Amino acid sequence: MSYKIFPSILSADFANLANEVTECEAAGATGIHIDIMDGHFVPPITFGPMIVKSIKPVTNLILDIHLMVIDPNRYFHELSDFGADSISFHVESSKNIKSDLELLSDLGVKRSLAINPDTPINQIVPFLSQVDQVLIMSVKPGYGGQQFISSSIDKIADLKNLIKEKKISVDIQVDGGINAENAGQVILAGADSIVAGSAVFNIYGSIPNNIDEIISNIKKEV
Ligand code: DX5
Ligand code: ZN
């Protein structure tokens, strides 16, 4: 089964970021997942578009941005200028989803709509024909290292069925609590792409902990 894997640098060693990204590339990752948080939509503040600018020259991997911020469209132009390939924004955070998706389209960036665990799928159905990807959160957004919410499996399967019924081409990305033990289940339910932070990186120790072995273990489970 083919699927994509995006290590989330939220759990990487920020003092050693270029190496972490390079190791992910060598290990066969599809792209790098970059979690931008503003301290309002979610409590933590992580980093902003500057990190995209810094990472772009050190990798050929896809840069997959996950915006956990209010009024996400404020950052679309800058992220696109700095080399973002894909931008996910939350259905819960946008004041005008349709026009925000149009703006991503105008910028030539992959359009992705993210949805929280407590938000029902029907909130994104009206936009399905306008997106390239839906990001299903399988933990509450804001922190790495949380436990996978098992009801996400049904949500993934329901969305997959809808996409098939509508005969449209929309990727399903799943983010939160994914590891070598549950990745297979997530893919079987219908995910095209998985994000993994703490399962790939171990804060301040990812290099000795061997990213390529961890990624290939996740792949083996699928
Ligand atoms: C959480 C972020 C995730 C996070 C996943 O809000 O969106 O991308 O890095 O981390 P793990 O894989 O540890 O749950
Ligand atoms: Zn994320």
Side-chain angles (χ1 to χ4, degrees), residues 3-14 17 20-21 24 27 29-49 51-52 55 61-70 72 75 79 84-93 109-119 133-153 155-156 171-187 191-206 209 211 214-215 217-219 221-222:
Y3 69 98
K4 302 165 193 160
I5 179 159
F6 291 85
S8 160
I9 56 164
L10 185 63
S11 294
D13 175 3
F14 296 150
L17 201 48
E20 302 270 64
V21 168
C24 288
T30 312
I32 300 293
H33 184 83
I34 302 177
D35 289 302
I36 295 183
M37 306 185 191
D38 66 352
H40 291 280
F41 182 68
V42 288
I45 296 173
T46 52
F47 34 69
I51 206 87
V52 177
I55 291 174
L61 291 178
I62 294 166
L63 299 185
D64 177 49
I65 318 303
H66 180 188
L67 283 175
M68 284 159 275
V69 306
I70 54 169
Y75 303 105
L79 285 166
D85 297 291
S86 158
I87 296 180
S88 297
F89 67 89
H90 273 258
V91 69
E92 302 87 0
S93 71
V109 174
K110 184 171 172 175
R111 304 156 298 177
S112 173
L113 203 48
I115 176 169
N116 279 341
D118 294 340
T119 306
Q133 177 178 279
V134 172
L135 188 173
I136 293 184
M137 286 302 300
S138 42
V139 298
K140 286 202 168 135
Y143 304 92
Q146 303 179 76
Q147 198 178 351
F148 183 82
I149 298 172
S150 55
S151 58
S152 312
I153 294 291
K155 208 170 181 182
I156 299 164
D171 272 4
I172 300 178
Q173 184 176 63
V174 184
D175 181 9
I178 298 179
N179 53 41
E181 282 73 51
N182 60 18
Q185 218 192 336
V186 173
I187 299 293
D192 304 285
S193 136
I194 56 178
V195 174
S198 54
V200 171
F201 299 105
N202 194 345
I203 299 174
Y204 308 123
S206 62
N209 282 341
I211 294 174
I214 295 161
I215 289 181
N217 280 341
I218 294 176
K219 285 187 167 173
E221 288 302 311
V222 176

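We use all heavy atoms of the structure for the numbers below, so side chains are in, but hydrogens, waters and symmetry mates are not. Whatever order the structure lists ligands and atoms in, that order sets their numbers, starting from 1. The structure displayed is predicted, hence computed values, not measured ones.
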Nearest protein heavy atom with distance in Å, relative to [atom]:
atom                    : result
atom 12 (O) of ligand 1 : Gly197 N, 2.7 Å
atom 1 (C) of ligand 1  : Tyr143 O, 3.6 Å
atom 10 (O) of ligand 1 : Gly144 CA, 3.6 Å
atom 3 (C) of ligand 1  : Asp175 OD1, 3.0 Å
atom 6 (O) of ligand 1  : Gly142 N, 2.7 Å

Within ligand 1, which atoms have a heavy atom of [X] less than 4.0 Å away?
X      : value
His33  : 8 (O)
Ala196 : 12 (O)
Gly145 : 11 (P), 13 (O), 14 (O)
Gly177 : 11 (P), 12 (O), 14 (O)
Met68  : 6 (O), 7 (O)
Leu10  : 4 (C), 9 (O)
Gly176 : 14 (O)
Ser198 : 11 (P), 12 (O), 13 (O)

Can you find a heavy atom in the side chain of [X] that is under 4.5 Å from one in the side chain of [Y]?
X      : Y     : result
His90  : Val42 : no
Ile51  : Thr46 : no
Ile9   : Phe47 : yes
Val195 : His66 : no

Sidechain-backbone polar pair: [X] side chain, [Y] backbone, donor-acceptor under 3.5 Å:
X      : Y      : result
Asp175 : Met137 : no
Glu92  : Thr119 : no
Asp38  : Ile70  : yes
Asp35  : Ser8   : no
Ser138 : Gly176 : yes

**Asked** Is there a heavy atom of Asp35 sitting under 4.0 angstrom from any atom of ligand 1?
**Response**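 Flag set, Asp35 near ligand 1.
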
Nearest 0.5 Å, please: how far is [atom2] in [Y] from [atom1] in [X]?
X      : Y      : atom1 : atom2 : result
Asp85  : Ile87  : CG    : CD1   : 9.5 Å
Ser193 : Gln173 : OG    : CD    : 3.5 Å
Ile136 : Ile172 : CD1   : CD1   : 5.5 Å

**Request:** Check step by step if side-chain contact (heavy atoms from CB on, under 4.5 Å) holds for Asp64 and Gln133.
**Result:** CA-CA 11 Å; Asp64 177 49; Gln133 177 178 279; 4.2 Å; yes

**Atoms of the protein (N/O/S only) found under 2.8 Å from the Zn ion (ligand 2)** =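 Near the Zn ion (ligand 2), the protein supplies His33 NE2, Asp35 OD1, His66 ND1, Asp175 OD2.
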
**Asked** For ligand 1, is there an N or O atom under 3.5 Å from any N or O atom of Gln146?
**Response**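 Min N/O separation from ligand 1 is not below 3.5 Å for Gln146.
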
**Request:** Just go through Ser8, Ala199, Pro141 and tell me whose heavy atom is the nearest to atom 9 (O) of ligand 1.
**Result:**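 Looking at heavy atoms only, the winner is Ser8.
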
